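One-based numbering, in listed order, for ligands and for the atoms of each. Heavy atoms only: backbone and side chains are in, while hydrogens, waters and symmetry mates are out. Treat the numbers as computed from the prediction; the structure is a model and nothing was measured. Throughout, numbering of the chain's residues begins at 1 and tracks the sequence.
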Amino acid sequence: MLVVMQHQATTEQVEQVVETIQKMGLAAHPMPGPTRTAIGITGNSSTVDPRSLEVLPGVRELIRVTQPYKLASREMHPDDSIIKARKANIGPGTFTIIAGPCSVESEENILQVADYLMSRGVHLLRAGAFKPRTSPYSFQGMEHEGLDILARAREKTGIGIVTEVMDTEQVQAVAQVADMMQIGTRNMQNFSLLKKVGVCGRPVLLKRGMSATLDEWLMAAEYLLAGGNPDVVLCERGVRTFTDHTRNTLDLSVVPPVKENSHLPIMIDPSHGTGRRKYVSAMALAGLAAGADGLMIEVHPDPGNAMSDGAQTLDFQEFDQLLNALKELAIPLGRTLA
Ligand code: PEP
Ligand code: MN
């Protein structure tokens, strides 16, 4: 349910509505807008008698939100959200790029990539310290040492850090270093993790589960938003299908329905989406054309010797070429690269 206040409603009137909602045992989420304030109601609002709210001073109307997700829905929040992560503003009007190696491998490697990205105007570095690997025998990440390396790279270069949190026990440590916490595909429905990250006060990049429907994905986002964290960015990274010409099937067709049903920004990860370096740039450009708000790309100075996901990782030269192509394509699309 959404309570829409009148244009001239006072702060006291908004507060009275919030208090009334709370007395009903429900949660109130005031959302100030350019013309009027709206107050979202979450909890079991089907039991609410709308008349008890409609009669309050300053209330214009009550709207029933039909989607199962509430705070993530465009019904409750008609304007596109802009999510701030360090210096980046992810959302309408710009196209943001997050890039870097799959894993933190060494301080030297991370500093080299961070310097390179900053020189290209890319202000968000991705790299996993905790790695969710299919095989227990594969490199599992540098863990806490990896986080320390990321923290030093941030300090030395000013780059923003995007890194994955895999487990509830890691939330505090990752939140100390990350400007944006990544929740990976395998954890999209790890509800204990979502609840904990929802209260940690850091922006989140929520990857789509590899077989998640749009509703399931937005319900996962709802967990984060319901915890009080408004800064959620969705990331399409490919889903599991019958085909095997690519590692996953990058579902760019999810972008328009995400835009239709939610106000949250969406980024595209063509690296995991294809699994093959030679296909990454085409799908990155397609992501921009499809209306996504940005890209997450795996980049490494020597992908052939990367400790994970080398086959889908661009080297600096390939990434430079992609950046140039994106800048050119952005012009006719009326978009600007951040
Ligand atoms: C990653 O970004 O390196 C990663 C593990 O992603 P995903 O969760 O999409 O597989
Ligand atoms: Mn990876």
Answer yes or no for Gly128: is there a heavy-atom contact with ligand 1 below 4.0 Å?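 Flag not set, Gly128 not near ligand 1.
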Can Glu298 be said to touch ligand 1, with heavy atoms closer than 4.0 Å?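 Glu298: in contact with ligand 1 (<4.0 Å).
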Among the N/O/S atoms of Glu298, which is closest to the Mn ion (ligand 2)? Give the atom name.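 Relative to the Mn ion (ligand 2), the closest nitrogen, oxygen or sulfur of Glu298 carries the name OE2.
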How about His245 and Tyr279: are their ring centres within less than 6.0 Å of each other?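 No: the rings miss the under 6.0 Å criterion.
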Work out the angle at the Mn ion (ligand 2) between OD2 of Asp309 and NE2 of His272, rounded to 10°.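 Seen from the Mn ion (ligand 2), OD2 and NE2 are separated by roughly 90°.
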Main-chain N/O of Gly158 paired to Arg154 side chain as donor or acceptor, under 3.5 Å: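 Between the backbone of Gly158 and the side chain of Arg154 there is no qualifying donor-acceptor contact (under 3.5 Å).
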Quick one: look up the protein heavy atom nearest [atom] and list residue, atom name and how far away it is.
| atom | answer |
| --- | --- |
| atom 10 (O) of ligand 1 | Arg237 NH2, 2.9 Å |
| atom 6 (O) of ligand 1 | Lys207 NZ, 2.9 Å |
| atom 4 (C) of ligand 1 | His272 NE2, 3.4 Å |
| atom 8 (O) of ligand 1 | Thr185 N, 2.8 Å |

In ligand 1, which numbered atoms sit nearer than 4.0 Å to a non-hydrogen atom of [X]?
| X | value |
| --- | --- |
| Gln182 | 1 (C), 2 (O), 4 (C), 6 (O) |
| Lys131 | 1 (C), 3 (O), 5 (C) |
| Gly184 | 8 (O) |

Verify whether one side chain among His300 and Asp309 offers a donor that lies under 3.5 Å from an acceptor in the other.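 No.
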Does the pair Glu75/Arg64 count as a salt bridge with the N-to-O cut at 4.0 Å?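 Result for this pair is no, no salt bridge flagged.
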